[in-house]
Amino acid sequence: MNQPVQEVRVFAPATVANVACGYDVLGFAIDAPGDEVVARWSDEPGLKITAITGDDGKLPWEVEKNTAGVAALDLLKHLGHQGRGIEMEIHKKMPFGSGLGSSAASAVAGAYAVNCLLGEPLTKKQVLPFAMAGEASADGAWHADNVGPSLLGGMIFIRDNDQLDITSLPVPHNLWAAVVYPEIEVLTKVARDILPKSIPLEQVTQQVGNLGGLICGLMQENYGLIGRSIKDVIAEPYRQKLIPEFYQAKQAALAAGALGFSISGAGPSVFALCEGEMIAQQAGQAISKVFASINLTHEVYTSSINLTGVHVVESV
Ligand code: HSE
């Protein structure tokens, strides 16, 4: 346990969930964008949200209804904290409904900021269930493929979401991602409801093969195997309809040298995994050109796999 601080500002990164073949069980963190939460001691008892920026007035200020607030409150309850009051500021620096794990980043930042303010009584991994509770309060679903990597960084594999049995996978040093967010909103609920409730055995076999292949590829730094495994035969065929020019963007990214391409989380963001920064930039530009050709406003983020996850930006 560290010395408690007066005030702490933390940053929690965006994440790419599913990584094509790992629906609800695989995700990785990127360097930017991400959300920031400030936590400081207050003379007023209880937990209060005193500022929210960057949300266009969309987020609730009541702690019990706010993703970051719920995560922090759950953690405080678990620790039996009844001491001084705490103020929280939430600074949204990433879009909602983007497929970049926006609510997960807020929940992670909320729980982690309060944990740091208290002098880190819990390890990052121990913060996971509280951040999960925060995210679940936003979308009702319980899957750690955004929260896990936003908290811990790296590529996170979840064997079991209920038990939160998670593992950090090794990440080849030159693995990069181009992530492109087309500025349309896709509600996660809609993107989940669109999926069939049962899947033919043949597709399950293909998906399991690809997931195993991707994990082996990561462990062996085998970029070819990683590329062959970045395929989603379960969610992508249904969800691609929600993303304009999806197949053109995919073709463009692969032609630019990307190892593989799919939907980031529930979309509409898409990602290309690449060997090296230069190819990631070229893939990002190629996808950008496709969206620009239909006047679809978009943002391109190029990043190596972020191995840090949530971290303290400053503390006093
Ligand atoms: N695994 C989730 C999904 C990520 O694809 O619906 C979005 O929260």
Side-chain angles (χ1 to χ4, degrees), residues 12-30 33-35 67-68 70-71 92 94-109 128-129 131-152 154-167 169 177 179-182 184-199 203-204 207-208 210-211 214-215 230-243 246 260-271 273 309:
T15 43
V16 171
N18 301 338
V19 200
C21 49
Y23 180 74
D24 278 359
V25 300
L26 193 63
F28 66 84
I30 57 175
D35 284 347
T67 308
V70 169
K92 285 298 299 175
M94 56 189 291
F96 296 94
S98 58
L100 296 171
S102 179
S103 49
S106 289
V108 165
L128 181 65
M132 288 289 292
E135 197 206 18
S137 74
D139 69 9
W142 187 266
H143 43 85
D145 50 345
N146 291 115
V147 166
S150 185
L151 183 67
L152 301 169
M155 182 81 70
I156 300 293
F157 172 65
I158 303 122
R159 188 200 63 81
D160 187 301
N161 274 296
D162 292 331
Q163 294 174 31
L164 291 179
D165 184 356
I166 71 169
T167 300
L169 297 172
V179 182
V180 184
Y181 161 54
I184 48 173
E185 192 174 16
V186 170
L187 296 175
T188 302
K189 187 177 171 346
V190 172
R192 291 181 82 81
D193 287 349
I194 214 173
L195 302 179
K197 296 287 166 266
S198 54
I199 306 285
Q203 283 168 28
V204 174
Q207 196 90 347
V208 169
N210 284 323
L211 180 59
L214 177 54
I215 294 174
I230 300 283
K231 292 196 177 86
D232 174 9
V233 297
I234 289 182
E236 187 184 294
Y238 297 91
R239 289 180 166 177
Q240 52 83 19
K241 298 169 199 148
L242 305 173
I243 304 167
F246 177 82
F261 173 99
S262 192
I263 302 169
S264 174
S269 291
V270 292
F271 75 97
L273 269 187

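First listed ligand is number 1; within each ligand, the first listed atom is number 1.
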**Q** If you look at every heavy atom in A131 and A71, which pair is closest and at what distance?
**A** CA-CB, 4.0 Å
**Q** So which of L195, V190, V186 actually passes side chain to side chain contact (heavy atoms under 4.5 Å, CB included) with R239?
**A**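 Testing R239 for a side chain to side chain contact (heavy atoms under 4.5 Å, CB included) against L195, V190, V186 leaves exactly one candidate, L195.
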**Q** Roughly how far apart are L100 CG and T15 OG1, rounded to 0.5 Å?
**A**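 If I round to the nearest 0.5 Å, the distance is 7.5 Å.
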**Q** Would you compute the distance between atom CE of M155 and atom CG of L169 and round it to the nearest 0.5 angstrom?
**A** 7.0 Å
**Q** Distances only, to 0.1 Å: what are the N or O pairs between ligand 1 and the protein that fall under 3.5 Å?
**A**
residue: ligand 1; atom: 1 (N); partner: N18; partner atom: OD1; Å: 2.8
residue: ligand 1; atom: 1 (N); partner: D24; partner atom: OD1; Å: 2.5
residue: ligand 1; atom: 1 (N); partner: D145; partner atom: OD2; Å: 2.6
residue: ligand 1; atom: 5 (O); partner: N18; partner atom: ND2; Å: 2.7
residue: ligand 1; atom: 5 (O); partner: R239; partner atom: NH1; Å: 2.7
residue: ligand 1; atom: 5 (O); partner: R239; partner atom: NH2; Å: 3.3
residue: ligand 1; atom: 6 (O); partner: R192; partner atom: NH1; Å: 2.6
residue: ligand 1; atom: 6 (O); partner: R239; partner atom: NH2; Å: 2.9
residue: ligand 1; atom: 8 (O); partner: N146; partner atom: OD1; Å: 3.3

**Q** Taking side chain as C-beta onward, heavy atoms only, is I230 less than 4.5 Å from F261?
**A**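 Result no, sub-4.5 Å side-chain heavy-atom pair not found.
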**Q** What is the minimum heavy-atom distance between G34 and M94, and which atoms define it?
**A**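 Heavy-atom minimum between the residues: CA-SD, 3.7 Å.
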